[in-house]
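Working notes for the structure below.
Letters A, B, ... mirror the listed sequences (proteins, then strands); counts begin at 1.
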Protein chains: 2
Amino acid sequence: MSEPQPGSETRSQSIPGSVGDVRRTNLALALTSIARAAPSGPITRAQLATATGLTKASISSLVLDLLTGGVVREVALEPRAERGRPGVGLEMNPGRAVVGMEINVDYIAAELVSLTRERLLCVKRFRDNRGSSAADVMADLAELVNTLLAEAADRGIAVIGGGLAVPGLIDQATSTVLTAPNLGWSGETLDARGLLPEARLGVTLLNEANAAALAEVRSRTGTAGPDFVFVSGEVGVGAGFVIAGSLFVGPAGHAGEIGHLVLEPEGLPCSCGGIGCLETIAGQDAILRAAGLADDPLETDMSRLLSALSSGESMAVAAVQRAATFLGMALVSTARLMGVSTVVLGGHFAVLAHWLVPPLFESMQRHAPGLIRADRVLLSSAGEGGAAFGCAGSVVQSLLDAPQFLIRPGPADVAEHP
Amino acid sequence: MSEPQPGSETRSQSIPGSVGDVRRTNLALALTSIARAAPSGPITRAQLATATGLTKASISSLVLDLLTGGVVREVALEPRAERGRPGVGLEMNPGRAVVGMEINVDYIAAELVSLTRERLLCVKRFRDNRGSSAADVMADLAELVNTLLAEAADRGIAVIGGGLAVPGLIDQATSTVLTAPNLGWSGETLDARGLLPEARLGVTLLNEANAAALAEVRSRTGTAGPDFVFVSGEVGVGAGFVIAGSLFVGPAGHAGEIGHLVLEPEGLPCSCGGIGCLETIAGQDAILRAAGLADDPLETDMSRLLSALSSGESMAVAAVQRAATFLGMALVSTARLMGVSTVVLGGHFAVLAHWLVPPLFESMQRHAPGLIRADRVLLSSAGEGGAAFGCAGSVVQSLLDAPQFLIRPGPADVAEHP
DNA sequence: TGAGTTAGTTTATGACCTGAACTATATAGC
DNA sequence: GCTATATAGTTCAGGTCATAAACTAACTCA
């Protein structure tokens, strides 16, 4: 029925290669090269040929497919005052876009993102989702997304796919949130596809920390590099591993549970049932409680903590220092296990950076001298909407990796919009 | 000069696909299917066609290549009392083999392993390598390997590749041991290739824990499954991550340093410069010291510890219990990060299993209830020679993945043995 | 001995990339 | 304005490879 979803590659190891695979590979190669050229403007077929190593003949044929599929378009190039026939520019079709969405503990958000990963439109609605039913939240999200879709339609932009980030354990295959302790969800199957019924590539469900990590790959120009650990400090503490520019999600897609690294054998009980997890020390609630600010309403907690820190309240400072010390231990442990040497701080860790980073770095130096250089501790650049943006980027990536889903009629793909 | 080495795939992301790639893919598919059939005997072309999904015509052509390359051979099949023309059996050529080698702290070892991963011949020599120069150890290893090669030649077996495991951080590209603290090596470039000058696939350098982890993938029939963490308890403590049946080695190949997970903020200083690492609690030396057996000569330490445990000496029992408790914390942390739920204990952890596993499991339950089931804590089956065997298996795997290196003349491949 | 059955090969076809020849379109110099 | 030159893109012959169908080979059963 639906085409194979991006990100759910379940090759059963016995798929023979056929000549058509070569086409798919090269289609992806050509499209990726066009996308990569985006910052410096459109690229010609001839440039594409040298960039990819394919012949001009092949490139012409591949580009024809991409053009008819509507993934790229031709644009006139301004004269360059060079000799010879001028080339025709090729760029990602600005009439196509993807939607990145996020459900978090205290807000829902959606973004319209172009195929060159530009944020075209962002909408966000504060909403205390703790304890709300998945259906209620999804209904509100659908409403939010519809405003985005209406605006996209006005601009003549077709939405071809989407991604939805949720702070919990995800099963992509069934579009199910296995557990999201901070939302109070477990085993909720979301109708993510229904949010974007017209999107040919469907809607992919992602873990919030993973999505936020992906947002870092492209948003900062090369600072983080292709290999890093992203720690997302929200109510829970999660990590996203980026290895060679792609997410590492482990066998079942659940890798990255850094919040439950055991750091204090005799510590506090954790929501996971364990004892002394990082989350009991460096989670948002844990810090607020240690700072003596636990009873405040949700939205104002972080700002109150910030002002307490600014005015030098000792409990607040101590709470953040303690969190930083243990976060440092967790990060060097993680870096050693994964073999990376760059960490990116997101969520409240980025917000608290001024007070957090010095003791964090000191702790890392103490427990693993030289492992992570001072200039390899980075702050998230995408900000709070990072997860939604990362989702969108992941959909774009899956398009670049497999453009054939938008080009070929595909098997059993008739009657798409009945 | 030499052909691209297996395991050093550095695709610069811009290699266009050509029709020839299809051939390579299918060659690998066919060979893998022949290898997979090995336990149940030779496989015919017709069976191969249905197993792979390729047509009989393609299989015939692929098999011809594999036959002329000497990777597989035809064997007569005993009559099956079925109707129709009998097929011709195909099996991995028993006239080809690989060599797995290991340099460890107190021994060197080498094994001759068939293409079906059978151990044909094992040699081992005890040797205190602490502080020995790399050149000295390599010279002794070469001598050991030569006895193996002589025997292989006698049996008419050609060695086509090898792997060498070293307990340290490896740079495969340059065949260099970056650091091996327990050997006292750093920055030693080994002439691994020189150990097997006639082997067309060369010699791959591997980390000891990674190699031992690989040994577990195939040696036990499916017990460990395709996803697990292997913890190797040697003088150092290392881990190998197997994800979907393959090693996860991280961006630079250094992933798995579980021995330096930080578990005790105020613990003992570690050889890595840090404080409170797992190795300072559960490393061989740490346990022996805590058991009050630190001054004994190297070879007898573990046996003395075992007898101390058997006679119930409280210091010994306490030392192992303490190591188990912290190992449990490290393992649940690792399992959470990597998203796996199976652990395999190797090295001295397997040797001490009787005393170690109960407190280990208790600790895991305490810190992550339900994460790792009791029947998902397994003991290494390959034993002490595991790393050498795992190396050999990895070479076999790289042959299965890329048989073209043994088949095609290859570019610039003239004058191989001048 | 011949019908039925399974194994493996041959042959025609189509998809695809390549390389070379070719067409198209610009600039530079006269 | 005309011609040489340079670059962009297309067309076409040729080679590799998998596929499907026809064909040959070898064995069993009756």
Side-chain angles (χ1 to χ4, degrees), chain A residues 14-30 34 37 42-68 72 74-90 403-404 407-409, chain B residues 14-30 33-34 37 42-68 72 74-90 403-404 407-409 411:
Chain A
S14 289
I15 298 163
S18 67
V19 183
D21 294 341
V22 180
R23 187 73 174 177
R24 283 185 271 282
T25 305
N26 288 338
L27 222 34
L29 180 60
I34 294 172
I43 185 171
T44 67
R45 288 173 177 77
Q47 292 170 328
L48 217 42
T50 56
T52 58
L54 287 157
T55 60
K56 290 192 294 176
S58 303
I59 284 293
S60 278
S61 155
L62 292 164
V63 164
L64 186 62
D65 275 11
L66 294 173
L67 285 170
T68 51
V72 302
E74 290 187 324
V75 283
L77 240 42
E78 57 236 41
R80 303 148 307 144
E82 274 176 40
R83 287 211 285 206
R85 170 178 165 178
V88 179
L90 297 164
Q404 69 270 18
I407 288 169
R408 300 292 159 107
Chain B
S14 289
I15 297 163
S18 68
V19 183
D21 294 340
V22 180
R23 187 74 175 175
R24 281 185 274 281
T25 305
N26 289 338
L27 224 32
L29 180 60
S33 300
I34 294 171
I43 186 172
T44 67
R45 288 172 177 78
Q47 292 169 328
L48 215 44
T50 57
T52 57
L54 288 156
T55 60
K56 290 191 295 177
S58 303
I59 284 294
S60 278
S61 155
L62 292 164
V63 164
L64 186 63
D65 275 12
L66 295 173
L67 285 170
T68 51
V72 302
E74 289 187 326
V75 283
L77 241 40
E78 58 238 40
R80 301 149 307 144
E82 272 176 42
R83 287 208 287 206
R85 170 177 165 179
V88 179
L90 297 164
Q404 68 270 18
I407 288 170
R408 300 292 158 107

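At the heavy-atom level, A/Val19 lies under 4.0 Å from base atoms of the strands shown. At the heavy-atom level, A/Ser61 lies nowhere under 4.0 Å from the strands shown.
In this structure, A/Pro16 and A/Arg45 both approach DNA chain D, and ranking their closest nucleotides by distance from the 5' end singles out A/Arg45.
No donor-acceptor pair under 3.5 Å is formed between the side chain of A/Asp65 and the backbone N or O of A/Leu62. Remark: side-chain polar atoms of B/Asn26 are not paired, donor with acceptor, to backbone N or O of A/Pro16 under 3.5 angstrom.
By the side chain to side chain contact (heavy atoms under 4.5 Å, CB included) test, B/Glu74 pairs with B/Arg45, B/Leu67, B/Val88, B/Leu90, sequence neighbours left out. Taking the salt bridge (charged side-chain N to carboxylate O under 4.0 Å, His left out) definition, one finds that A/Glu78 meets it with nothing, sequence neighbours left out. Remark: B/Ala49 pairs with B/Lys56, B/Ile59 by the side chain to side chain contact (heavy atoms under 4.5 Å, CB included) rule, at least two apart or across chains. With sequence neighbours excluded, no residue forms a side chain to side chain contact (heavy atoms under 4.5 Å, CB included) with B/Thr50.
Between B/Leu27 atom CG and D/dT16 atom C1' there is a gap of 14 Å when expressed in whole angstrom units. When the P atom of C/dC17 is taken as reference, atom CD1 of B/Ile15 falls 16 Å away, rounded to whole Å. Here the P atom of nucleotide D/dA18 and the CD1 atom of B/Ile59 are 9 Å apart, to the nearest Å. Rounded to whole Å, the distance from CG on A/Asp21 to P on C/dA15 is 15 Å. At whole-Å resolution of the value, CG in A/Leu90 and P in D/dA8 are 13 Å apart. As rounded to whole Å, 14 Å separates atom C1' of C/dG4 from atom CD of B/Glu82. Distance B/Ile407 CD1 to D/dT16 C1': 16 Å, rounded to the nearest Å. A straight line from CG of B/Leu62 to P of C/dT9 spans 12 Å, rounded to a whole angstrom.
Look at B/Asn26 and you won't find any side-chain N or O under 4.0 angstrom from OP1 or OP2 of D/dC17.
Among the nucleotides D/dA8, C/dG4, C/dC17, the one closest to any side-chain atom of B/Arg83 is C/dG4. Listed nucleotides C/dT27, D/dA18, C/dC17 differ in distance to B/Arg23; the shortest reach to its side chain belongs to D/dA18.
A heavy atom lying under 4.0 Å from DNA chain D marks the following residues of residues 47-58 of chain A, by number: A/Lys56, A/Ala57.
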Next item on the list: List the steps and the verdict of side chain to side chain contact (heavy atoms under 4.5 Å, CB included) for A/Arg23 and A/Ser18.
Entry: CA-CA 10 Å; A/Arg23 187 73 174 177; A/Ser18 67; over 6 Å; no

Checklist line | side chain to side chain contact (heavy atoms under 4.5 Å, CB included) between A/Ile34 and A/Leu66, worked out | finding: CA-CA 11 Å; A/Ile34 294 172; A/Leu66 294 173; 4.1 Å; yes

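The minimum heavy-atom distance linking B/Gly89 with B/Leu77 is given by the pair CA-CD1, 3.6 Å.
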Check: protein-nucleotides 24-26 of chain D nitrogen or oxygen pairs below 3.5 Å:
unit_1: D/dA25; atom_1: O4'; unit_2: B/Arg85; atom_2: NH1; d: 3.3
unit_1: D/dA25; atom_1: N3; unit_2: B/Arg85; atom_2: NH1; d: 3.4
unit_1: D/dA26; atom_1: N3; unit_2: B/Arg85; atom_2: N; d: 3.3

